[in-house]
Protein chains: 2
Amino acid sequence: MRRDVFQAIADPTRREIINLIAHNTLNLNAIAENFDVSRPAISQHIKVLTECGLVEITQQGRDRYCNIQFQKLAEVSKWVEQYRTFWTSKLDALETHLLKDAKSK
Amino acid sequence: MRRDVFQAIADPTRREIINLIAHNTLNLNAIAENFDVSRPAISQHIKVLTECGLVEITQQGRDRYCNIQFQKLAEVSKWVEQYRTFWTSKLDALETHLLKDAKSK
DNA sequence: TATATTTGTAAGCAATTACTTACGCAATTA
DNA sequence: TAATTGCGTAAGTAATTGCTTACAAATATA
């Protein structure tokens with residue numbers, strides 16, 4: 001089973017979970033309350049997130065608090081940022097194109 | 001069918017395709033040569049990439065050249081970069097922790 | 001101690017994914 | 001005109017995904 005960060009953040013529910021626990025450390029039930037799907041479904045999402053290293057669990061009694069491992073997101077950042085120069089220069093190219101277009105009117 | 005950038009870049013083959021055509025505009029066969037999978041498989045990957053707006057096709061005779069729409073990657077960048085402050089500060093926290101650890105020895 | 005709460009996990013299921021082979025079509029080349 | 005080239009797409013398939021309900025285990029509370 002492939003278990004990398006890219007696959008983990010592909011699911012919109014998991015991205016929402018990340019967003020939720022980015023600000024507050026929550027236990028599983030508290031997370032599940034924010035979604036329409038069942039509690040086990042969230043449990044399985046959390047499992048995916050822990051398996052790829054994006055989330056770590058801190059057990060406290062019967063509660064399992066979820067902490068994001070933000071550094072893992074750096075992997076995604078690194079991949080996407082290598083293209084930043086491309087898309088900014090492309091926007092520049094579009095700009096000049098539009099300017100040229102506007103002038104020709 | 002969900003067709004967003006996050007789902008598109010979840011597949012490692014598609015990320016490789018992106019990397020390939022980031023530098024040179026290639027036609028489909030030229031792309032497929034770089035992979036072990038069949039030509040139709042690559043054709044289907046390209047379809048996913050075009051459907052989410054990450055790739056645009058320029059037809060030239062029977063050749064279909066693939067151009068990345070880098071701006072689409074800005075969506076991913078925007079999402080991940082919102083957490084950058086978190087992961088850098090977390091690294092800082094780790095640093096101080098390690099320093100404290102080193103001192104206590 | 002009995003009950004309630006928080007959770008993992010198993011089993012089942014429909015939908016999706018990533019691939020294959022087979023085919024057809026349009027554009028080029030001989 | 002006939003053969004070749006570049007490609008999309010259909011059909012089939014095995015594996016994976018995202019969900020459900022049902023159950024069990026551990027911890028907390030009455």
Side-chain angles (χ1 to χ4, degrees), chain A residues 1-21 24-69 72 76 79, chain B residues 1-21 24-69 72 76 79:
Chain A
M1 214 176 309
R2 190 161 44 84
R3 263 304 112 94
D4 59 73
V5 194
F6 288 94
Q7 186 248 346
I9 66 169
D11 185 88
T13 304
R14 284 196 289 269
R15 286 201 301 280
E16 265 200 76
I17 291 176
I18 289 173
N19 195 46
L20 260 176
I21 61 179
N24 331 297
T25 301
L26 301 171
N27 66 353
L28 200 134
N29 271 345
I31 294 171
E33 273 174 16
N34 294 273
F35 297 92
D36 282 337
V37 295
S38 70
R39 200 255 321 147
I42 298 298
S43 185
Q44 283 155 22
H45 279 307
I46 302 280
K47 198 180 181 190
V48 172
L49 291 169
T50 54
E51 277 175 2
C52 79
L54 255 172
V55 162
E56 282 215 341
I57 306 291
T58 312
Q59 186 115 21
Q60 237 171 75
R62 63 189 166 187
D63 294 284
R64 312 183 96 222
Y65 291 101
C66 301
N67 314 89
I68 310 195
Q69 302 304 105
K72 259 284 158 182
V76 182
W79 183 80
Chain B
M1 211 175 311
R2 188 161 47 84
R3 263 305 111 95
D4 59 72
V5 193
F6 288 94
Q7 185 248 349
I9 65 168
D11 186 88
T13 303
R14 284 196 289 267
R15 286 202 300 282
E16 266 200 76
I17 291 175
I18 289 173
N19 195 46
L20 260 175
I21 61 178
N24 330 297
T25 301
L26 301 172
N27 67 353
L28 200 135
N29 271 345
I31 294 171
E33 273 173 17
N34 294 274
F35 298 90
D36 283 336
V37 295
S38 70
R39 200 253 322 147
I42 298 298
S43 185
Q44 284 154 23
H45 279 308
I46 302 280
K47 199 181 181 189
V48 172
L49 291 169
T50 54
E51 277 175 0
C52 79
L54 255 173
V55 161
E56 283 215 342
I57 305 290
T58 313
Q59 185 116 21
Q60 237 172 74
R62 63 190 167 187
D63 293 285
R64 312 183 95 223
Y65 291 101
C66 301
N67 313 89
I68 311 195
Q69 301 305 103
K72 260 283 156 183
V76 181
W79 183 80

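In what follows, every chain begins at residue 1, and chains take the letters A, B, ... in the order their sequences are listed.
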Self-check item: Any donor-acceptor pair under 3.5 Å from B:Arg15 side chain to B:Ile9 backbone
Solution: yes
Quiz item: A:Ser43 side chain to A:Arg39 main-chain N or O, any donor-acceptor pair under 3.5 Å?
Solution: no
Exercise. Could you check which nucleotide pairs with C:dA30 in any of the strands shown, counting Watson-Crick or G-U wobble with both distances under 3.5 Å?
Key: D:dT1
Quiz item: side chain to side chain contact (heavy atoms under 4.5 Å, CB included) with A:Lys72: which of A:Val5, A:Asp4, A:Val55, A:Leu49?
Solution: A:Val5
Quiz item: How close do A:Cys66 and A:Ile31 get, heavy atom to heavy atom, and via which atoms?
Solution: SG-CD1, 3.8 Å
Quiz item: How many Å lie between CZ on B:Arg64 and P on C:dC25, as a whole number?
Solution: 17 Å
Quiz item: Rounding to a whole Å, what distance do you find between A:Gln60:CD and D:dA26:C1'?
Solution: 16 Å
Practice problem: Please report, rounded to the nearest Å, how far the P atom of D:dG8 is from the CD atom of B:Glu51. | Solution: 12 Å
Practice problem: Write down the distance between CD (B:Glu33) and C1' (D:dC7), rounded to a whole number of angstrom. | Solution: 14 Å
Quiz item: With respect to the phosphate group of D:dT5, does any side-chain polar atom (N or O) of B:Asn29 fall under 4.0 Å of OP1 or OP2?
Solution: no
Quiz item: Does A:Arg14 or A:Gly61 map to a spot on DNA chain D nearer the 5' end, using the closest nucleotide for each?
Solution: A:Arg14
Quiz prompt | Between P of C:dT17 and CG of B:Asp4, the distance in whole Å | solution = 10 Å
Quiz item: Between the main-chain N or O of B:Phe35 and the side-chain N or O of B:Glu33, is there a donor-acceptor pair closer than 3.5 Å?
Solution: no
Self-check item: Smallest separation among heavy atoms of A:Arg14 and A:Gln7, with atom names
Solution: NH2-O, 3.4 Å
Practice problem: Using heavy atoms and a sub-4.0 Å distance, could you list which residues of residues 36-47 of chain A are near DNA chain D? By number, please. | Solution: A:Val37, A:Ser38, A:Pro40, A:Ala41, A:Gln44, A:His45
Quiz prompt | Test side chain to side chain contact (heavy atoms under 4.5 Å, CB included) applied to A:Asp63 and A:Leu26, A:Asn27, A:Thr58, the passing residue | solution = A:Asn27
Self-check item: Integer-rounded Å distance: C:dT6 C1' and A:Gln59 CD
Solution: 9 Å
Exercise. Write down the distance between CG (B:Leu28) and P (C:dA27), rounded to a whole number of angstrom.
Key: 17 Å
Exercise. Could you tell me the separation between the CD1 atom of A:Ile31 and the C1' atom of C:dG8, rounded to a whole number of Å?
Key: 15 Å
Exercise. Output the single nucleotide from C:dT7, C:dA18, C:dT28 whose closest atom is nearest the side chain of B:Arg62.
Key: C:dT28
